[in-house]
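Side chains included, hydrogens not; waters and symmetry mates left out as well; all remaining heavy atoms used. Sequential numbering from 1 along the given sequence is applied to the chain's residues.
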Amino acid sequence: MTTEQKTVRIGVVKPTLTSKSLQDLEALLPPDIELVSEYMGFQYRSMDEFHKAMPVYDEKVNSLAAQGVDMIHPEGAPPFMVHGRAEETRRINEWESRHGVPVFTTGTTQVAAMKALGVTRFAGFTPFAGELAEAFRRYFVDAGFDVLAMGKAVGDDESVYELPISAVQERIVAAFRAVPGDPQALYILGSDWRVIDIMEELEDVLGVPVLQPVVVRCWYILNTLGRTDPIPGHGRLLAEMPPLP
């Protein structure tokens with residue numbers, strides 16, 4: 001006689017209303033893990049939008065906790081990274097103390113993945129340049145990493161969301177190879193540009209692990225739940241399933 005496994009319910013706060021990354025994560029996770037979602041509705045048009053977002057995140061986290069989820073994942077790197085790592089940690093601790101369940105952000109999963117892979121220096125590419133990219137760089141420097149690059153891999157007038165994935169891949173490879181300092185990993189900020197579809201091709205060409213947000217999110221959730229069976233076909237992190245640091 002087999003015992004039916006209890007469904008694990010994970011509350012996620014999605015930054016935008018149109019993201020496909022929730023479906024990408026659901027496709028990677030086993031069927032007994034249920035995602036319960038709330039939405040922020042970001043337009044990604046200004047730093048001010050992110051600086052004013054925390055009261056709304058607080059409402060969404062409270063709502064998910066009231067629904068009895070087992071873990072809470074407020075997604076979105078920019079809204080937390082612009083406030084800095086120390087403030088992010090303070091807020092996570094406050095939510096965990098208030099609700100009695102684990103809380104993790106996009107940034108905390110990515111820092112954990114880099115440490116699990118032994119990465120100390122990396123090159124990062126994002127859909128954004130300028131002030132936002134600098135906030136992302138500072139976040140990882142504060143976490144103890146040597147950030148060799150952080151910015152757009154495409155032209156100033158181009159969007160990673162509109163280019164064909166083959167063109168995005170070409171630009172990523174060229175930009176990564178131009179980074180001095182021998183980066184140990186490629187970091188991608190942004191769940192919705194389709195790097196998830198070319199993970200293994202990028203790793204084969206560049207010879208380093210690729211950290212894509214959805215893949216990192218899946219690894220972190222499964223490790224937290226003690227499920228460490230490898231998942232092939234989506235890059236080194238899921239294929240090797242290193243333990244949480």
Side-chain angles (χ1 to χ4, degrees), residues 13-19 21 39-61 73-92 104-114 119-163 167-168 171-181 183-195 210-214 216-217:
V13 183
K14 301 297 296 181
T16 68
L17 301 174
T18 58
S19 173
S21 61
Y39 293 85
M40 292 292 293
F42 284 125
Q43 299 297 311
Y44 281 76
R45 291 176 181 162
S46 71
M47 289 281 285
D48 192 53
E49 182 182 31
F50 303 132
H51 280 296
K52 294 179 177 178
M54 284 304 129
V56 184
Y57 267 108
D58 200 52
E59 293 174 6
K60 303 299 184 183
V61 168
H73 180 29
E75 291 186 26
F80 289 91
M81 290 186 183
V82 299
H83 287 88
R85 185 159 168 81
E87 173 59 18
E88 176 191 63
T89 300
R90 185 199 67 78
R91 195 166 292 274
I92 289 172
F104 56 98
T105 64
T106 297
T108 56
T109 67
Q110 293 166 353
V111 167
M114 289 187 196
V119 171
T120 59
R121 62 187 184 277
F122 68 90
F125 298 118
T126 92
F128 314 102
E131 191 178 7
L132 260 179
E134 173 56 23
F136 306 151
R137 186 197 68 80
R138 191 166 55 247
Y139 174 92
F140 284 104
V141 168
D142 289 345
F145 297 98
D146 188 2
V147 183
L148 302 178
M150 185 66 76
K152 295 182 71 172
V154 301
D156 291 341
D157 59 344
E158 294 178 312
S159 167
V160 295
Y161 302 114
E162 296 172 1
L163 288 170
V168 173
R171 285 161 172 77
I172 287 174
V173 170
F176 185 89
R177 286 176 170 168
V179 174
Q184 298 168 312
L186 165 63
Y187 166 70
I188 297 296
L189 188 149
S191 299
D192 276 318
W193 46 316
R194 301 306 304 174
V195 174
V210 176
L211 296 167
Q212 192 273 353
V214 176
V216 172
R217 199 167 286 139

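- Note: Gln212 CD to Ser21 OG = 8.5 Å, rounded to the nearest 0.5 Å.
- To the nearest 0.5 Å, atom CD of residue Gln110 and atom OH of residue Tyr139 are 7.5 Å apart.
- Within the 4.5 Å cutoff, the side chain of Phe80 has no heavy atoms near those of the Thr106 side chain.
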N/O donor-acceptor pairs under 3.5 Å from side chains in residues 124-138, not counting sequence neighbours:
unit_1	atom_1	unit_2	atom_2	d
Thr126	OG1	Phe128	N	2.7
Thr126	OG1	Phe128	O	2.6
Glu134	OE1	Arg137	NE	2.9
Glu134	OE2	Arg137	NE	3.4
Glu134	OE2	Arg137	NH2	2.7

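- For Gln184 (side chain) and Arg121 (main-chain N/O), a donor-acceptor pair under 3.5 Å exists by modelled atom type.
- Considering every non-hydrogen atom in both Lys52 and Pro55, the closest pair reads O-CD, 3.5 Å.
- The minimum heavy-atom distance between Met81 and Gly107, with the atom names listed, is CE-CA, 4.0 Å.
- Here CD1 of Ile172 is found 4.0 Å from CD1 of Ile188. Values are rounded to the nearest 0.5 Å.
- Side-chain atoms of Phe42 and Pro78, non-hydrogen and from C-beta on, never get closer than 4.5 Å to each other.
- Scored by the side chain to side chain contact (heavy atoms under 4.5 Å, CB included) test, Ala112 finds Trp219, Tyr220, Leu244, Pro245 as partners (sequence neighbours excluded).
- The closest side-chain heavy-atom distance from Leu186 to Val195 is not below 4.5 Å.
- In this structure, Gly76 and Tyr57 approach most closely via the heavy-atom pair CA-OH, 4.1 Å.
- With contacts defined as side-chain heavy-atom distances shorter than 4.5 Å, the pair Val168/Arg194 does not qualify.
- A side-chain donor-acceptor contact under 3.5 Å links Lys60 to the backbone of Tyr39.
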**Request:** Step by step, work out the salt bridge (Lys or Arg N to Asp or Glu O under 4.0 Å) result for Arg91 and Glu88.
**Result:** CA-CA 5 Å; Arg91 195 166 292 274; Glu88 176 191 63; over 6 Å; no
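- Note that OG1 of Thr16 and NZ of Lys14 are 7.0 Å apart. Values are rounded to the nearest 0.5 Å.
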**Message:** I'd like to know whether Thr105 forms a side-chain hydrogen bond (donor to acceptor under 3.5 Å, both in side chains) with Thr108, so could you lay out the CA-CA distance, the side-chain angles of the two residues, the decisive distance to 0.1 Å, and finally the verdict.
**Reply:** CA-CA 5 Å; Thr105 64; Thr108 56; 3.2 Å; yes
Run the side-chain donor-acceptor check on residues 140-157: report pairs under 3.5 Å with partners two or more places apart or on a different chain.
unit_1	atom_1	unit_2	atom_2	d
Lys152	NZ	Gly155	O	3.2
Lys152	NZ	Asp156	O	3.4
Lys152	NZ	Glu158	O	2.9

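- Residues Thr120 and Met114 are not in side-chain contact: their nearest non-hydrogen atoms beyond the backbone lie 4.5 Å or more apart.
- Using a 4.5 Å cut-off on side-chain heavy atoms (C-beta onward), Glu75 and Arg217 make contact.
- Taking each heavy atom of Pro183 and Pro180 in turn, the nearest pair found is CD-O, 4.4 Å.
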